[in-house]
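Here the structure is laid out as structure tokens; the discussion comes afterwards.
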2 protein chains.
Amino acid sequence: MLTIGKLGNAAGVKVPTIRYYEQIGLLPEPERSAGNQRLYGKSALERLAFIRHSRELGFPLEAIRDLLSLSDRPDQSCAAADIIAKDQLAAVDARIARLTALKAELERMIAQCAQGTIADCRIIKVLGDHSHCSQDHRISEAVE
Amino acid sequence: MLTIGKLGNAAGVKVPTIRYYEQIGLLPEPERSAGNQRLYGKSALERLAFIRHSRELGFPLEAIRDLLSLSDRPDQSCAAADIIAKDQLAAVDARIARLTALKAELERMIAQCAQGTIADCRIIKVLGDHSHCSQDHRISEAVE
DNA sequence: TCTTGAACCTCTATCTACTAGAGACATTAG
DNA sequence: CTAATGTCTCTAGTAGATAGAGGTTCAAGA
């Protein structure tokens, strides 16, 4: 059995984060030692590793909750998992598109800065007036 | 003079957001009407537009606070503004890099899904075990 | 002039995904 | 046995807003 610290080390997740996941019901309440400390088994480690990896791939916790409950029913269709993953991919794509537009605008802005005084600074000017922008970087309401 | 609603419309910022900006000291406290309603002039509109545009470019509010205080001192060097903008560009670049890696991994994962049952689902499998991943998508600690 | 409805006011709570800290108890190494 | 480290619960804080309750003010129409 693992204490919370060992579990955290093994899964690459900080201790308070594990307790947080338990609090929001993403991890089940574990056994306790005689002294009331949490004790985890192998399945908790697997579940936590699943969560961590999903987080690394950018899935929100609610999506992970759904994926976990899917993985608890191995005989069902995996169409739902496919949808969740595709949603996540679409979200990532949207963010990349938006960030790429931002990057272009920032580069343009920085390139124009002649390193003079604030009064002449293109950066300050551009920020103050969207009409100085080359393109529309206000892509959708996806607030990145 | 503009009421808060007109100001919001003119700048493209929601009313509660304007009050929030005032609360955190990003906008100065405006005049009030006899009935205690906020009244704004042209300079508030310019300042709010500046904030909005900066937010659209992804600058965090603290950076915007710095940029605003720079723009209040027009005779100083704009080197500081340049640094803030370059920092933001670096942050955007880092996020794009990370998201691009995530995108590749998600696409790979989805492509492998044979639409069978959960028991065979590659998505669930991959999420449960990082070793199924082609690359290291855990780029740095920049938690996107 | 009166009234209605929209816009405004303050205040508190909520969201995501954690992180930090206080003060107390448990465990383990030497 | 003691000291250091780990763990416990609880509260509060982070960014950047958004939502709602319950009440007031304003502008326009009848």
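The chains referred to below are lettered A, B, ... by the order of the sequence lines, with proteins before strands, and numbering in each begins at 1. Here the structure is a predicted model, which is why all the values come from computation and not from measurement. Only heavy atoms go into these numbers, but all of them, side chains included; no hydrogens, no water, no symmetry mates.
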Return the value, rounded to whole Å, for the distance between atom CG of B/L2 and atom C1' of C/dC8.
15 Å
Can you tell me how far P of D/dT18 sits from CG of B/L61, to the nearest Å?
11 Å
Shortest non-hydrogen contact from B/G58 toward A/L102:
N-CD1, 4.3 Å
Tell me the side chain to side chain donor-acceptor pair (under 3.5 Å) pairs involving residues 73-88 of chain A, sequence neighbours left out?
A/D82-A/K86, A/D82-B/Q115
Looking only at C/dC18, D/dT9, D/dT18, the nucleotide nearest the A/R32 side chain is D/dT9
Looking at A/E22 and A/R19, does any basic side-chain N land under 4.0 Å from a carboxylate oxygen?
no
Could you tell me whether the side chain of B/T17 and the main chain of B/V13 form a donor-acceptor pair under 3.5 Å?
no
Of all the heavy-atom pairs spanning A/I123 and B/A81, show the shortest one and how long it is.
CD1-O, 3.9 Å
Output all residues satisfying salt bridge (charged side-chain N to carboxylate O under 4.0 Å, His left out) with A/E31, sequence neighbours left out; order by chain, then residue number.
none
In the structure I gave you, are the side-chain heavy atoms of A/R32 and A/Q37 within less than 4.5 Å of one another anywhere?
no
Round to a whole Å and report the spacing from CG of A/L27 to P of C/dC18.
12 Å
Does A/Y21 reach a base, just sugar-phosphate, or nothing at all? Heavy atoms under 4.0 Å.
sugar-phosphate
Any idea which of C/dC9, D/dA17, C/dA17 is nearest the B/I4 side chain?
C/dC9
Taking five pairs at each terminus, the helix from C/dT1-D/dA30 to C/dG30-D/dC1 shows an axis bend, to 10°, of 10°
Answer yes or no: is there a side-chain heavy-atom contact under 4.5 Å between B/L39 and B/P30?
no
Measure the distance from OH on B/Y20 to C1' on C/dC15 and round it to the nearest whole Å.
13 Å
Scan nucleotides 25-28 of chain C against the protein and return all N/O pairs shorter than 3.5 Å with their distances rounded to 0.1 Å.
residue	atom	partner	partner atom	Å
C/dA26	O4'	A/Q37	NE2	3.4
C/dT27	OP1	A/S33	OG	3.3
C/dT27	OP1	A/G35	N	3.4

Can you tell me how far C1' of C/dT16 sits from CD1 of A/I24, to the nearest Å?
9 Å
Nucleic acid contacts of residues 10-19 of chain A, taken as heavy-atom distances under 4.0 Å to DNA chain D:
A/R19
Mind running a 4.0 Å heavy-atom check of residues 62-70 of chain B against DNA chain D and sending the residues that fall below it, in number order?
none
C/dC8 P sits how many Å from B/E22 CD, rounded?
14 Å
Please walk me through it: do B/R98 and B/D93 pass salt bridge (Lys or Arg N to Asp or Glu O under 4.0 Å)?
CA-CA 9 Å; B/R98 165 148 172 90; B/D93 268 338; over 6 Å; no
Figure out the CZ/C1' separation between B/R38 and C/dA7, and round it to whole Å.
13 Å
What's the closest nucleotide to the B/P60 side chain, out of D/dC8, D/dG16, C/dC18?
D/dG16
In short, A/M109 meets B/A85 closest at the heavy-atom pair CE-CB, 4.2 Å
Answer with yes or no whether the side chains of A/T117 and A/D120 bring together a donor and an acceptor at under 3.5 Å.
yes
Spacing of CD1 belonging to B/I124 relative to CZ belonging to A/F50, to within rounding of 0.5 Å:
4.5 Å
Roughly how far apart are A/I4 CD1 and A/K6 NZ, rounded to 0.5 Å?
13.0 Å
Flag the pair A/L127 / B/I51 as yes when at least one side-chain heavy-atom distance between them is below 4.5 Å, and no otherwise.
no
Rounded distance (Å) that lies between atom C1' of D/dG16 and atom CZ of B/R52
15 Å
